[in-house]
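Following: one structure in C-alpha cells, then a few remarks.
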Amino acid sequence: MFVMDSGNHRIRKFQYSPNSCDMSSVIRWTELIKLSKDSQLYSQDCDKESYYFESYEIKVSENRYYTIWSDASIDTYGYIYENIFDPLNPTENLLVKNDDGGFNDQFRFEIPLYDDTLYILVITTFHPMRIAEITLHVSKLENDTIKRLTTSVNIRSIYSSELTVNSPKYCRDYKKPNYYYETLEINVMKNGSYVIWSKSEMDTYGYIYKDIFDPLQPFGNSLTQHSGKCNQHQLKFFIDLQKNTKYILVVTTYYPNTTGNFSVFISGESNATINYFHSKYRSCSVGDRCHFYSTTIGLPLDDILRGEIQPKIALANQSPSIQISSALTILMFIGGIINSLFSYLTFKNKDTQQVGCGLYLYVSSLTSLLTICMFLINFWFASFIQINTSTSFTILHAGCIIIEPVLKLFLYCDSWLNASVAIERAVQVLKGAQFNKNKSKRFAQRIIFILPLCIMASLLHEPLHREMSKYETETDRVYLNNTESITKDVFNSEKNKTSIDTIYTSVTNRHVWCVIRYPSSVQTYNTIVLYFHLLIPFFANLFSALYIIFGSARQRSVIQTNQTYKEHVRRQFSEHKQLIISPILLLILSMPRVIISSLPGCIRTSKNLWLYLTSYFFSFTPSILIFVIFVIPSDIYMKSFKNSFTTRRARIYK
C-alpha cells in the first residue's frame, strides 16, 4: 500500500504482513538506558554538535511488523541502520529515523523487519550533550535477539605531545612534504573493540598501520584513516584490535604546515598502551610526489614518469619531458616496425638460415616487433592511467600484472638471441673450416624453443607479487546547510523545531599505483634474475667481439710469423668487420642500462629525469636496430634483403 504523506512531501510504502495481526506470541522487551558523561559520543549532523548515544543489534526471527519506542523525560531521537552503523559516517546504511513519532517528544517506530537483515538501533537525544535515563521498549517475539553494542568510555591510556616546526614532515596529500606528524605505537592486552580519539585545537588527521610505518611509503601496511569527519575535526577510530600485534598511529594535521598541542585517548575493554614510535625511512624515493618509492635495479617507466605526469591534464598541456617522451616513443615504434619488416624480409630467405645465426636473427626479427609493440603499449598505459584517474580498476589491475612482465619477456628474448648470434660467430671464427653448419642449425632450433620457457620461468614471481595499491586522502571540506522548520500539534499545543541537515562534502585525492611487494628472499632472487638477464648477454657480446679480433689474430700470429701481431689484428678487423661491428654496437647500446642499474644507493629520478629516461629508451634500441646492426654490415645479408625486397615489390605491382 502506498500512502501520500503531504506534510513531509513524500510517499510511504507499506507491505502487507498477515502474521503482524497475530499478537498472541508478542512479548514486550524493556531495558533502561543511561546516557551519561561516560557514554560514547557522535555527531548526528556530521561535524556540528556531539550527542551521547547507545546502540543495539537487533536480529528478528520472523518477517513482520515491530514496534520500538522510548519513554523518558527528555526529547529522544532514534535511528535504525541496516547491517552496520558507523558513528563517523552516520548517513551510511541509514534505514529510517524518528524524532517525535510517539507522545511527549519520544521516538516511535512501527516498521517491518526481516529475518535476513541485521538491524542496528541507535538511541540518542534531540538536543546535544544531554544526559538522561531512557527506557527502551520493543514488541518482539521470543526468539528475536537484542544485544547492546556500545560500551562505556573507559580510558585506558592517554598520550600528550606537540607538533612543532622541528617535527618530521611527510606527503599526506601526495603533493609536497608539508604535514608535520608524530608516530605512536599502540598495544592492547586483549582482543576487542577499542575507541581511539584526539583532542586538540588543531584539525587532526589520523592513520593506523600494522607493524610498521614508512614515511616514504604511507600507503604500505595501512589499515584505516580518519580525517576528523563527523567528530569536530578530530581524528577518531572505532576499531577492533588484536593482542600481540603492534599498531602504529600516525597523528598529523588536516591542513599543511600546522603546529600545536594534542592528546590521544584510547578506550576499551582491557588495558592498552600508547608510546612514542620512531619511524624510519626504509625506501628509496622516485620523483618529488613523495608516495611511491623504488630501488635502482629494474626501474620501470611508470615510476620514472609518475612525478612528471599531471592528473586530468591533456597530453598537449603536460610538461615538455612528457611530450618529448611521447614523440620519441612514437618515432621508436615507427622505426621498430620498419626494422622488423626489413629484418623479416632478410632472414625469411632460406639461404640465410643455413646456420644458427640466421635462425636466431629470423626469430629476433619477430620478437623485436613484439617488443616494440609492448613498449608502445607500456608507455601509453603508464601515461593515460595517471592522466585519466577514472580508468576502470579491472583494466588497471590487468595491465599491472601483464604488461611489464610480458615486455620484459620479449626484451630479454631479444637480448639473449643477439648474444647467441655473437657467441656462434665467435665459435665460427674459432673452428674455421671445421665449423659444422648442420649441427649449428640443430643447436639453434633447440635454443629458440628452450629460451622463452626459461625466461618465463625466471619471471614467474613478478605477476604473483604485483598488485594495485589505492591511496585516498582528504584535502578540503565543504558544508552545506539545509534548514527546514517543522510544526506539529502535540496534545493540542504547537511546538516549533528547526531541523538543520548538514551536507558534508570533501575533496578527496585518489591515487592508484601498480606496486611490487617482494619479501626479502624474493627481492634478492629478483635482483639476481635482473642482473643475470642484463649482464650475461652484455659480457657475451663483449667477449665475443674481443675474441673475434684478438683471439683469431693471436692464432694466426703463431702460424704466420712474417706479420706482427698488430698487423694480424688490423687484418682480422678488415676480414671480419661484419662479425665485429654487431657485438660492438650491442655492447655500446647496453652500457647506459648497465651503468644506471649499477649506481649505488637510492635514486631520485626528478633530479636526473633525462638520465633515467635516456637509459630506459636506450635499453630498447637493440630491438629497433637489428637491421642496422646485423644486416647492413654484411654483404650476404644485404644481398638477401635486396632480393626479397625486389621479389615482394614485384608481387605487389604485378
Side-chain angles (χ1 to χ4, degrees), residues 46-47 88 159-184 196-209 213-237 248-264 276-293 306-313 319 386 389 469-480 504-513 604-607:
C46 206
D47 278 324
L88 301 177
Y159 180 92
S160 299
S161 186
E162 180 182 7
L163 294 179
T164 69
V165 293
N166 295 321
S167 299
K169 286 185 173 183
Y170 83 120
C171 304
R172 184 184 71 76
D173 61 355
Y174 192 69
K175 292 180 180 179
K176 294 181 179 180
N178 289 339
Y179 294 84
Y180 296 106
Y181 73 94
E182 186 166 325
T183 48
L184 310 177
I196 303 170
W197 72 98
S198 70
K199 288 185 179 180
S200 174
E201 294 183 356
M202 307 179 295
D203 290 0
T204 58
Y205 204 124
Y207 299 83
I208 292 182
Y209 296 82
F213 165 69
D214 186 348
L216 296 181
Q217 282 189 340
F219 54 83
N221 298 328
S222 177
L223 295 179
T224 185
Q225 61 175 293
H226 185 238
S227 63
K229 174 183 176 182
C230 302
N231 192 48
Q232 287 72 54
H233 313 316
Q234 297 297 299
L235 69 88
K236 191 171 187 177
F237 299 96
I248 307 301
L249 171 64
V250 177
V251 180
T252 183
T253 58
Y254 192 93
Y255 298 105
N257 299 312
T258 304
T259 59
N261 297 316
F262 69 89
S263 295
V264 175
Y276 175 77
F277 176 78
H278 179 62
S279 58
K280 298 180 180 179
Y281 291 82
R282 299 172 180 267
S283 308
C284 300
S285 63
V286 175
D288 286 329
R289 298 293 181 172
C290 309
H291 282 92
F292 189 90
Y293 302 86
R306 179 170 285 116
E308 297 297 316
I309 297 178
Q310 304 176 53
K312 301 180 181 180
I313 302 296
S319 64
Q386 296 182 59
T389 56
S469 178
K470 293 181 180 179
Y471 185 74
E472 294 184 355
T473 184
E474 189 178 309
T475 57
D476 201 6
R477 298 186 177 107
V478 179
Y479 299 98
L480 301 174
Y504 177 96
T505 62
S506 62
V507 177
T508 301
N509 293 330
R510 173 180 177 264
H511 310 287
V512 182
W513 299 288
R604 185 176 291 276
T605 57
S606 58
K607 292 184 178 180

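In what follows, every heavy atom counts, from backbone to side chain, and hydrogens, waters and symmetry copies are set aside. Since this is a predicted model, take the numbers as computed values, not measurements.
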When rounded to the nearest 0.5 angstrom, what is the spacing between [atom1] in [X] and [atom2] in [Y]?
X: F213; Y: I208; atom1: CZ; atom2: CD1; answer: 13.0 Å
X: K199; Y: K236; atom1: NZ; atom2: NZ; answer: 10.0 Å
X: L249; Y: T224; atom1: CG; atom2: OG1; answer: 11.0 Å
X: S198; Y: D203; atom1: OG; atom2: CG; answer: 9.5 Å
X: N178; Y: T252; atom1: CG; atom2: OG1; answer: 10.5 Å

- Listed by chain and number, what are the side chain to side chain donor-acceptor pair (under 3.5 Å) partners of N261, not counting sequence neighbours?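 Result, side chain to side chain donor-acceptor pair (under 3.5 Å) vs N261: none returned.
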Minimum heavy-atom separation for [X] to [Y], with atom names?
X: Y205; Y: S227; value: CE1-CB, 3.4 Å
X: F237; Y: Q225; value: CE2-C, 3.6 Å
X: E162; Y: E182; value: O-OE1, 3.8 Å

Is the side chain of [X] donor-acceptor paired with the backbone N or O of [Y] at a distance under 3.5 Å, no angle test?
X: T259; Y: V165; value: no
X: T183; Y: V250; value: no
X: H226; Y: G206; value: no

- Message: In the structure I gave you, are the side-chain heavy atoms of V264 and T204 within less than 4.5 Å of one another anywhere?
- Response: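 In short, these two side chains do not touch, never coming nearer than 4.5 Å.
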- Message: For a 4.5 angstrom cut-off between non-hydrogen side-chain atoms, does P168 reach Y181?
- Response: yes
- Task: Quick one: do F277 and Y209 satisfy side chain to side chain contact (heavy atoms under 4.5 Å, CB included)? Show the steps, please.
- Result: CA-CA 12 Å; F277 176 78; Y209 296 82; over 6 Å; no
- Message: T258: which residues meet the side chain to side chain contact (heavy atoms under 4.5 Å, CB included) condition with it, sequence neighbours left out?
- Response: M202, T253, Y255
- Apply side chain to side chain contact (heavy atoms under 4.5 Å, CB included) to Y159 and V251, showing your working. CA-CA 11 Å; Y159 180 92; V251 180; over 6 Å; no
